[in-house]
**Q** 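My questions will all concern the structure given below.
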Number of protein chains: 2
Amino acid sequence: MSERPDESDEVARPYHHGQLREALISVSLQLAEEGGPEAISIREAARRAGVAANAAYRHFEDLNHLRGEVAARARAHLRDAMQAELDARPRRRTEAARAKEQLSAVGRGYIRFALQSPNLFRSAWMECSVPDFEPSAWSLLQEALQECARAGLILQGEQEAAAAAAWSLVHGFAELALRGFFGPAEEQALRALSDKVLALFLPAGRTPSQPVRRRR
Amino acid sequence: MSERPDESDEVARPYHHGQLREALISVSLQLAEEGGPEAISIREAARRAGVAANAAYRHFEDLNHLRGEVAARARAHLRDAMQAELDARPRRRTEAARAKEQLSAVGRGYIRFALQSPNLFRSAWMECSVPDFEPSAWSLLQEALQECARAGLILQGEQEAAAAAAWSLVHGFAELALRGFFGPAEEQALRALSDKVLALFLPAGRTPSQPVRRRR
DNA sequence: AGCCTCATGTTGACGCTGTCCACATTGCAC
DNA sequence: GTGCAATGTGGACAGCGTCAACATGAGGCT
């Protein structure tokens, strides 16, 4: 939560603070956590950092650039959550099952983070009009998809579309769930629903012995 | 575009305007169209409606409530776009093919609208903290899904999950595409990609003679 | 050492915003 | 016609992002 001490101490601030940029970002991240992305404010951040508002402009061109930094931090947290889910996933025997597990763990992590830290999640993808957007978190999903392709769960020609679909599905679910479109946010029910949704996505990769759904 | 004349005329405004609420909403919708959701402003809307800023407060409790109205309008436009795509869809012979076409038309309409009117699309789902959110546009998707279920394309137990997945996929794709995650916004390429993504979603409903993708 | 320069932080101001208050005007019901 | 409730106006306040001018201190140069 707090990496920097010397935030509430009244030991007579040093002349030049020394870590202002870092402090502003971390305080702004806190603001976002508490009140959502639009709670980020240069003046409030400076206030909490114990500094005049305009000092921020020595470190950020713009409010949008500060928001960009915050978004990057939030995305890093998202990535950590996904990685944690990856680390905790059950080990499978076959390559296909392993790949499928990897993909679904990534999706679970993504959605879980969105449900547990909605403000951070929203901040991760907030509009900040500074095209700083190396997707970072997406790379985990990308890797999982490559694993699936390697295991033959995804056809060659479908690879690009499958990637887009996976991103879309996971991101869309998170967004809609946060907005309450899948019923009032009962964490448990949403988790269950998300699992079913993720399971739907890779029917061809179902664990052996269970037939692929089919009609007609 | 413009339903109300008497906006630029200088014929000496009537004493009480008479249609202020409507005028404010439509002007705000225009603001959103031009500059995105966050361009909506009570003062600017009032200005364009030729009225003092505070007059707006006789018709909207709050900026957020105005934004809510705008969002509802935007969603109506979205629904129209989806309906248009539905009306223009090719007619199929079999019930299954028809249902699948219906579902994919709905998805196409949704994504097409997002790509063609990004600002309106964003406005349709913008945060406005007034839980006015009858999803309206979603009902078309819901109907299409029921049709699919009736045609046996969706198993009984999977219905809820399939609905969530369809919503998520379509919405997520629109969001990510607008953010430029699928490459710089070349309308054409994005359309093609979205078609592939949608096709991926209902593999069991593929047009006859084309085998369901499968491995292992 | 001493100076000078540049980075950093401060003060004050401007225009914009949402919103509240008190007041003016008007349409409508009686 | 009178009065009331609805509607529009004007002025004010606090908060915001941002700019320009100024102050302060750290570090390199001689």
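Protein chains get the first letters and strands the later ones, always in sequence-line order, with residue 1 at the start of each.
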**Q** Indicate whether OP1 or OP2 belonging to C/dC16 is found under 4.0 Å from a side-chain N or O atom of B/Ser41.
**A**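 Checking B/Ser41 against C/dC16: no side-chain N or O falls below 4.0 Å of OP1 or OP2.
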**Q** Give the rounded distance in Å between these two atoms: CD of A/Glu38 and P of C/dG18.
**A**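 In whole Å, C/dG18 P and A/Glu38 CD are 15 Å from each other.
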**Q** In whole Å, I'd like the distance from the CD1 atom of A/Ile40 to the P atom of D/dC16.
**A**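 Nearest whole value for this atom pair: 14 Å.
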**Q** Where does the angle between the aromatic ring planes of A/Tyr110 and A/Trp138 fall among parallel (under 30°), tilted (30 to 60°) and perpendicular (over 60°)?
**A** parallel
**Q** What is the distance, to the nearest angstrom, from the NE2 atom on A/His65 to the P atom on D/dT18?
**A** 10 Å
**Q** Hey, does B/Ile42 have a side-chain heavy atom less than 4.5 Å from the side chain of B/Asn54?
**A**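 They are not in contact (no side-chain heavy atoms under 4.5 Å apart), so the answer is no.
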**Q** When rounded to the nearest 0.5 angstrom, what distance separates CD in B/Glu101 from CZ in B/Arg108?
**A** 5.5 Å
**Q** Of the options D/dG17, C/dC23, C/dG9, whose atoms approach the side-chain atoms of B/Arg58 most closely?
**A**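 Closest of the options to the side chain of B/Arg58: C/dC23.
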**Q** Report the distance from atom CG of A/Leu66 to atom P of D/dC16, rounded to the nearest whole Å.
**A**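 It works out to 14 Å between those atoms.
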**Q** Let's see if you can work this out: which of C/dT19, C/dT8, D/dG8 has an atom nearest to the side-chain heavy atoms of B/Ile42?
**A**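 In terms of side-chain proximity for B/Ile42, the closest of C/dT19, C/dT8, D/dG8 is C/dT19.
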**Q** Among D/dG17, D/dT9, C/dG9, which nucleotide sits nearest the side chain of A/Val51?
**A** C/dG9
**Q** Taking 4.0 angstrom as the limit, do B/Glu22 and B/Arg73 come out as a salt bridge?
**A**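 Salt bridge flag = yes for B/Arg73 with B/Glu22.
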**Q** The test is salt bridge (Lys or Arg N to Asp or Glu O under 4.0 Å); show your working for A/Arg79 and A/Glu85 and say whether it passes.
**A** CA-CA 10 Å; A/Arg79 229 208 60 235; A/Glu85 201 81 19; over 6 Å; no
**Q** Whole angstrom is fine here: how far is it from CD in B/Glu61 over to P in C/dG18?
**A**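 Interatomic distance, CD of B/Glu61 to P of C/dG18: 15 Å.
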**Q** With respect to the side chain of A/Leu63, which nucleotide from C/dT11, C/dC20, D/dG17 is positioned closest?
**A**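 Side chain of A/Leu63 sits closest to D/dG17.
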**Q** Check if the side chain of B/Arg43 and the base of C/dT19 share a donor-acceptor pair of N or O atoms closer than 3.5 Å.
**A** yes
**Q** Measure the distance from CD on A/Gln19 to P on C/dG9 and round it to the nearest whole Å.
**A**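 The distance from CD of A/Gln19 to P of C/dG9 comes to 11 Å, rounded to the nearest Å.
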**Q** For the pair made of OH in B/Tyr57 and C1' in C/dA22, what is the distance, rounded to whole Å?
**A**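 Between C1' of C/dA22 and OH of B/Tyr57: 17 Å.
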**Q** What nucleotide among C/dT10, D/dG17, D/dG8 has an atom nearest to a side-chain atom of B/Leu20?
**A** D/dG8
**Q** Rounded to whole angstrom units, what separation is found between the CD atom of A/Glu44 and the P atom of D/dA14?
**A**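 My rounded result for the distance is 17 Å.
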**Q** Tell me which of A/Arg47 and A/Asn54 sits closer to the 5' end of DNA chain D, going by the nucleotide each one is nearest to.
**A**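 On the 5' side of the pair lies A/Arg47.
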**Q** On the side chain of B/Asp62, is there an atom forming a donor-acceptor pair with the base of C/dG18 - under 3.5 Å, no angle test?
**A**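 Side chain to base: no pair below 3.5 Å.
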**Q** Give a yes/no on whether any side-chain N or O of A/His59 is located under 4.0 angstrom from OP1 or OP2 of C/dG9.
**A**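 Yes.
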